[in-house]
Amino acid sequence: MEIPKAYDPKLAEGEHYSRWEAQGFFAPEINRDPDAPVYSIVIPPPNVTGSLHMGHALQHTIMDVLTRYHRMRGYRTLWLPGMDHAGISTQIQVEKQLRKEGLSRHDLGREKFEERVWQWKEQYGGEILRQMRREGASVDWSRERFTMDEGLSRAVREFFVRMYEKGWIYRGEGLINWCPKDQTALSDLEVEKVEKKDGKLYYLQYPVKNSDRRVTVATTRPETMLGDTAVAVNPTDERYSDLVGATLILPIANREIPVVADDFVDPEFGTGAVKVTPAHDQNDYAMGLRHALPQVRVIDQHARMTAEAGAEFEGLDRYEARERIVQKFEELGLLERVADYEFSISQCGRCRTVIEPLLSVQWFLKQSDLGRKPLELMRERHEPRFVPEVPYEKVYTNWLEGLYDWTLSRQLWWGHRIPAWYDEAGRVFVARTEVDARRAAGTDNLTQDPDVLDTWFSSALWPISTLGWPDETRDLKTFYPTSVLVTARDIIFLWVARMMMTGLEFVGERAFDDVFITGTVFDKHGQRMSKSKGNGVDPLEVFDKYGVDATRLVLAGIGTTDTRWNDSQVESYRNFANKIWNATRFCLMNSEGARAGQGFEGESQTWALHDRWIMSRLQKAVRDVSKSIEAYEFHAAVQTVYHFFWDDFCDWYIELSKADVTATDATPQRDAARSRVLTVLEQALRLLHPFMPFITEELWQKLPGVGSQLLHPAYKDAEPTIMLASYPQTREELIDERAEADVQSIIELVSRVRNIRSEMNIKPGEPVRLLVAAPAASIRSVFESGSQQIARLVRASEILISESLDAPRASARAVLAGGAEVAVPLEGLIDFAKERERLKGEREKLEKEAAKLEAQLANRQFVERAPAEKVSELRQRISDIAQRTRMLAETMEVFAE
RNA sequence: AGGCACGUAGCUCAGGGGUAGAGCACUACCUUGACACGGUAGGGGUCCGCGGUUCAAAUCCGCGCGUGCCUACCA
């Protein structure tokens with residue numbers, strides 16, 4: 001069979017996915033075992049406007065590894081894909097498109113605009129889903145969901161109505177975050193805090209009524225003073241105790257406002273007196289409620305001053321007003337001073353406009369009620385299990401402990417319309433459908449609330465709504481609760497906690513068993529990747545350059561760690577893919593007469609040493625990889641499989657088998673050896689498949705002997721594919737420590753001789769003779785039976801094995817474990833001085849180690865208190881080293897001048 | 001301001017009470033019939049600093065320094 005010398009990822013990547021998909025391999029229905037255990041994951045739905053970035057690629061890789069692994073283990077496996085309608089960002093996208101046509105959404109009207117968005121979604125949306133195919137994501141496309149689907153929308157209305165009926169959703173006036181640009185309310189979680197903005201702190205003086213006294217307040221937002229309805233001081237602050245209850249004259253507005261006492265005020269900060277603007281500041285709002293202060297609105301939705309601010313300011317932008325007011329204070333002689341000040345501001349998470357806290361009527365959800373069950377579940381049973389547990393369990397718990405009301409309504413057109421209707425009298429009717437609302441109202445003359453719900457409202461239902469809730473569907477019963485949620489840490493509050501709330505509330509069970517929080521991928525300078533910085537690494541470009549499988553290996557290894565992206569890691573895994581390719585190429589070039597799955601017949605004790613060895617190594621690799629995947633330790637899993645394949649299989653097993661495998665005569669021995677190499681390879685490919693789906697499928701399909709018999713019994717009727725093959729299971733009885741130790745001594749011998757060759761500058765083509773001595777008969781027999789292989793690996797023309805060494809003076813020597821020695825006669829080739837130096841170096845190394853160990857043993861405390869096992873281990877090591885040193889000394893005598 | 005992580009080879013990172021690891025980079029040799037995206041042999045580390053616990057600390061604890069993240073009602 002002719003296959004190219006280098007692996008070209010594009011070929012495999014272009015070929016297999018569509019077949020997997022078409023054959024239905026991704027759907028859980030492929031599993032025919034009625035008793036199969038269930039494994040399910042719902043994808044964190046990417047925004048319909050989004051395209052793939054490294055964070056997605058990381059999450060998807062981990063989900064796919066878990067999904068493929070469990071599928072191969074015979075689980076009824078579902079990974080459900082879908083998208084989020086992404087209210088604000090999608091609306092912005094479409095409005096941008098309209099603007100190019102000279103239109104606004106108001107020109108179209110609501111209905112036409114919504115149609116337009118749907119159109120946009122069909123045309124441009126969901127690019128990321130196409131990109132997921134490129135990643136090899138084995139999601140069940142037949143269950144793809146969109147948060148605006150009819151089913152999911154029904155779930156949203158159901159959620160809303162039930163919460164309303166319980167009194168947990170209410171409509172009321174509150175101080176909310178308002179984005180003056182997007183013209184909508186935002187939840188606290190959609191607001192970004194930006195720290196360390198340079199600004200000013202203005203010290204303003206308010207005169208006390210009927211007095212010469214003035215009270216100085218400090219503020220970063222002088223323009224809000226027009227809305228002040230009090231000044232607050234700390235009740236314990238003696239400087240102001242006589243003023244509490246006094247009346248101040250608010251300058252410019254010339255309004256009378258009281259001085260109130262409130263614990264909130266920090267006497268240490270500023271002047272210890274705070275202006276209170278209940279209508280434009282979160283804290284002042286709360287204080288206003290405590291003291292029953294009036295709320296004066298001086299800033300409107302467009303961040304312009306209102307009529308209430310006074311004719312002089314009406315219509316001014318908030319920042320213009322600020323300047324004007326400061327100027328005015330100066331003129332009045334009431335501006336005490338202005339100080340430079342560093343402070344933080346809140347921005348719209350979407351457009352970065354500075355948020356304006358505004359009083360307005362919105363819909364709210366009392367999260368503290370809905371959050372009670374998740375909090376109890378965490379406190380009592382530590383569920384869900386966070387990976388890593390530290391610090392996320394605490395982050396999650398702390399948030400649940402301090403829940404506040406969630407502003408649900410958004411003044412947008414794209415999203416789930418609030419299921420509330422008003423009659424002419426303004427009475428509100430919340431209902432699942434308009435028909436229900438009419439029935440309740442007893443009239444058809446109703447107007448639906450114009451607002452839509454926060455995008456995260458529908459996201460909160462994702463695990464249950466995608467599976468059919470509120471109906472009790474088969475999918476919901478089968479796949480819920482889901483096995484694990486894989487996501488980034490920044491949406492633990494926004495999303496993870498809320499899914500737990502709805503799952504527990506409506507289905508009575510946690511949304512997922514485990515929550516795996518991935519690390520963050522930074523650029524090579526440690527900066528967060530972002531569009532605006534333009535420092536993002538495009539996963540697709542990395543795929544193009546190094547292949548999807550290599551990229552996945554890097555991503556899986558990242559796991560929960562924050563990592564700076566560097567291509568060299570991907571390059572090394574690209575090389576690994578090529579190594580896999582070429583190892584397979586070797587096996588295929590020598591596959592005539594061989595079949596994967598054969599060659600290891602009979603009692604393992606009758607097998608050759610290197611066969612027992614590789615099987616033992618394979619069992620351990622299988623054991624460790626499975627254990628690591630199940631513990632979400634992907635880095636360890638990747639390392640294990642990488643080193644098993646490269647070091648054990650390629651460097652040693654193939655090399656040790658080469659003579660047998662490449663024999664020209666078609667003997668049964670040769671074919672059995674070929675089958676054994678193929679068998680180990682085939683198992684290794686399966687082991688690798690969850691991480692590297694494309695290359696493993698590509699190569700697996702080429703191996704002679706693969707077929708339906710290798711599929712997991714749950715998939716027995718399916719077309720042969722590695723993705724439905726059984727994941728290798730450890731066969732404990734094949735773990736053979738003796739064989740591992742024996743091959744280890746062969747490896748040591750070979751390495752020592754190669755070292756001599758290299759240090760002595762012996763030409764690679766130049767054959768050498770080997771004189772090997774070992775006092776122990778067991779080691780001698782290992783060397784004897786392996787002498788052909790050893791000779792091949794070190795290019796020896798002859799190997800003489802005896803009990804004690806009798807080598808010519810002109811030999812290079814090395815001491816091995818267990819008292820064995822090796823000498824390489826080098827008549828005429830040896831440089832005595834150089835050999836002396838080399839041996840001296842060896843001896844120094846040993847002496848240094850011996851000194852350290854001796855010192856430890858000399859410590860009586862150690863001997864008395866350390867476990868006996870440790871002490872004897874140390875004694876053993878010391879005696880090994882002593883023996884080596886002794887032998888080395890003898891050897892050096894030979895070279896004495 | 002609090003909380004939490006992290007600091008290991010030149011770089012990116014594993015590991016973690018008992019012999020310091022990988023990949024890349026580096027040095028030397030090798031185009032040997034799987035693979036130069038390769039092979040063989042090497043060099044390179046007071047595991048941030050200082051104390052403590054322990055027979056034993058890179059690992060556990062405290063403090064300090066540095067870096068990053070999260071939370072917060074600093075007007």
Can you find a donor-acceptor N/O pair under 3.5 angstrom joining the side chain of [X] to the base of [N]?
X	N	answer
A/K658	B/A34	yes
A/R574	B/C37	yes
A/E655	B/A34	yes
A/K5	B/C35	no

Nearest of [options] to any side-chain atom of [X]?
X	options	value
A/F269	B/G18, B/C74, B/G39	B/C74
A/D651	B/C4, B/U40, B/A22	B/U40
A/N575	B/C24, B/U19, B/C37	B/C37
A/Q856	B/A75, B/C29, B/G18	B/G18
A/Y341	B/C73, B/G39, B/C74	B/C74

Base, sugar-phosphate, or nothing: which does [X] touch, judged by heavy atoms less than 4.0 Å apart?
X	answer
A/C587	nothing
A/V390	sugar-phosphate
A/F493	sugar-phosphate

**OP:** By nearest nucleotide on RNA chain B, pick out whichever of A/I762 and A/R528 is the more 5' one.
**Re:** A/I762
**OP:** Name the residue closer to the 5' end of RNA chain B, choosing between A/A577 and A/F586 according to the nucleotide with the nearest heavy atom.
**Re:** A/F586
Subject >> Counter-base of B/C29, judged by Watson-Crick or G-U geometry with both distances under 3.5 Å >> reply: B/G39
Would you mind checking if [Y] and [X] are paired as a salt bridge, meaning a charged N to carboxylate O distance below 4.0 Å?
X	Y	result
A/E655	A/K658	yes
A/E766	A/R757	no
A/E698	A/K702	yes

Original post:
If we take the C1' atom in both B/C26 and B/G68, what is their distance in whole Å?
Top reply: 30 Å
Subject >> Nucleotide B/C11, atom P - distance to CD of A/E571 in whole Å >> reply: 19 Å
**OP:** Kindly confirm or rule out a cation-pi arrangement of A/R552 over A/F691, judged by NZ or CZ under 6.0 Å from the six-membered ring centre and within 45° of its axis?
**Re:** no
Subject >> Identified side chain to side chain contact (heavy atoms under 4.5 Å, CB included) partner of A/W565 from the options A/V554, A/D523, A/N535 >> reply: A/V554
